[in-house]
2 protein chains.
Amino acid sequence: MQDNEKRTEDIDAVYNQMEVISRRAVARTRRMSAPLSFVEHSLLVFIDTTPGCRATDIAADLQLNRSTISRQLTTLTDLGLVEYTSGNDAGRRRALRLTERGRQLRERSVEAQRGVVTSRLEEWSVEEIASFAAALARFNAGPEEPDRV
Amino acid sequence: MQDNEKRTEDIDAVYNQMEVISRRAVARTRRMSAPLSFVEHSLLVFIDTTPGCRATDIAADLQLNRSTISRQLTTLTDLGLVEYTSGNDAGRRRALRLTERGRQLRERSVEAQRGVVTSRLEEWSVEEIASFAAALARFNAGPEEPDRV
DNA sequence: TGGTTATGTTGCATAGTGCAACAATTTCTC
DNA sequence: GAGAAATTGTTGCACTATGCAACATAACCA
């Protein structure tokens, strides 16, 4: 088999496996994120993993309309899970963070979901896991498509 | 560093990278799947990748209620993208497949999304890609949580 | 400082969702 | 094969999520 054919075939395989990964992750989140909805959970994740982020950052990254983010943020602040770092609600470009309650909820969610990854990697050696982590990081370091706001 | 610490740290890293992968995939799908909605697209993907699947299979895998799947399938069959292999609409446990139109739409979507993966792997060697594909397949071969219907 | 751009909110209309109830198809047991 | 039990897909209902458009104004920039 030519290298180009092998390359294309394995790129296909990577793509297909990525499809499986994200499909399962979405389903798992649906299953595990109650009482939060899928998108509420997604906002918590993004805010937790992107220090100093703002509403338009979320909208761009999740590819949702700003109005959706505005409303979801209202829900999450009302629930006491998210707050503005400026301590007040006025103004624009306000940076967001999780509240203590938000962090606890997030940590419990991370534990539950990470448990799935942990059991998946049970039979892997330390070297294999390290290599896999490095490859994933390398893959994710690549650029994503231009944002739409 | 102890092997156990290293192991835990790299499992964390795998988990975090998986989170990024699925977040980006969801956003990309939202961006690229028009005129289909996110969930319509998800159904097409599942039907395409799971030959002979049925409504309850979809509901279980995507973790959506059976009524949601029923309604989404009505939409997709009305749009002429999905059909029943039995050729008639009556009965239960009917296997689903994409129509020719559905397959064309799916193929175009695959091409667009696979393009992102391809450019991400541009600087990778053939061996690195093959190794990555194998690791992903190995990871995904692990069991997912029990289903909920 | 004044003009321009970016930002978050709100109204509106539409789409998505789960629960419950149901009918009937299918499976299972004897 | 008959009848019971389980499974399956649909529908009504009420609620939730979403994007577009319009808007006010905060923030930026020359």
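Since the structure is predicted, the reported quantities are computational estimates derived from the model, not experimental observations. All chains are named by letter (A, B, ...) in the order of the sequence lines, taking the proteins before the strands, and each is independently numbered beginning at 1.
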* **Nearest-angstrom distance from the residue atom CZ of Arg31(A) to P of dT17(C)** => 17 Å

* **Test applied, side chain to side chain contact (heavy atoms under 4.5 Å, CB included); reference residue, Leu96(B); option that passes from Asp57(B), Ile58(B), Thr85(B), Leu76(B)** => Ile58(B)

* Structure fact -> Sorted by number, residues from residues 67-77 of chain A placing a heavy atom under 4.0 Å from DNA chain D are Ser67(A), Thr68(A), Arg71(A), Gln72(A)

* Consider only side-chain heavy atoms of I, L, V, M, F, W and Y, link residues closer than 4.5 Å, and tell whether Val26(B) and Tyr15(B) are in one cluster. => no

* Structure fact -> Rounded to whole Å, CG of Leu79(B) lies from P of dA15(C) at a distance of 12 Å

* Structure fact -> Rounded to whole Å, CD of Glu40(A) lies from C1' of dC15(D) at a distance of 13 Å

* Asked: Hey, is the main chain of Leu98(B) close enough, under 3.5 Å, to the side chain of Arg103(B) for a donor-acceptor pair?
  -> yes

* Asked: Hey, is the side chain of Ser37(B) poking within less than 4.0 Å of OP1 or OP2 on dT18(D), counting only N and O atoms?
  -> no

* Residues Arg114(B), Asp12(A): salt bridge by 4.0 Å N-O rule -> yes

* Taking only residues two or more places apart in sequence, or in another chain, which ones meet Arg23(A) in a side chain to side chain donor-acceptor pair (under 3.5 Å)? -> Asp61(B)

* To do: Mind calculating the distance between CG (Leu64(B)) and P (dG9(D)) to the nearest angstrom?
  => 15 Å

* Nearest-Å distance for atom pair CG/P, residues Leu36(A) and dT16(D) -> 14 Å

Atom pairs under 3.5 Å, N or O on each side, protein against nucleotides 22-26 of chain C: can you list them with distances?
from: dA24(C); atom 1: N3; to: Arg92(B); atom 2: NH1; distance (Å): 3.2
from: dT25(C); atom 1: O3'; to: Arg92(B); atom 2: N; distance (Å): 3.3
from: dT26(C); atom 1: OP1; to: Arg92(B); atom 2: N; distance (Å): 3.3
from: dT26(C); atom 1: OP1; to: Arg92(B); atom 2: O; distance (Å): 3.3

* Ignoring hydrogens and geometry, is there a side-chain-to-backbone donor-acceptor pair from Thr99(B) to Leu81(B) under 3.5 Å? -> yes

* Asked: What residue pairs, at least two apart or across chains, pass side chain to side chain donor-acceptor pair (under 3.5 Å) with a residue in residues 128-142 of chain A?
  -> Ser125(A)-Glu128(A), Glu128(A)-Arg138(B), Arg138(A)-Glu128(B), Asn140(A)-Gln17(B)

* Verify same cluster id: Val110(B), Leu136(B) (apolar side-chain graph, 4.5 Å) -> yes

* If you measure only the distance, is there a donor-acceptor pair under 3.5 Å linking the side chains of Arg71(B) and Ser67(B)? -> yes

* Structure fact -> Separation of dT18(D) atom P from Ile58(A) atom CD1, nearest Å, is 13 Å

* Secondary-structure stems, DNA chain C, at least 3 Watson-Crick or G-U base pairs under 3.5 Å -> C:1-30 with D:1-30

* Asked: How close or far is atom P of dG16(C) from atom CG of Leu62(B), stated in whole angstroms?
  -> 14 Å

* To do: Group every Ile, Leu, Val, Met, Phe, Trp and Tyr by side-chain heavy-atom contacts under 4.5 Å, then state whether Val116(A) and Leu121(A) land in the same group.
  => no

* To do: Could you list the residues that satisfy ring-ring contact (aromatic ring centres under 6.0 Å, His included) with Phe139(B), not counting sequence neighbours?
  => Phe132(A)

* Tell me whether the OP1 or OP2 atom of dT9(C) has a side-chain N or O from Arg94(A) closer than 4.0 Å. => yes

* Structure fact -> To the nearest angstrom, the CG-C1' distance between Asn65(A) and dA17(D) comes to 12 Å

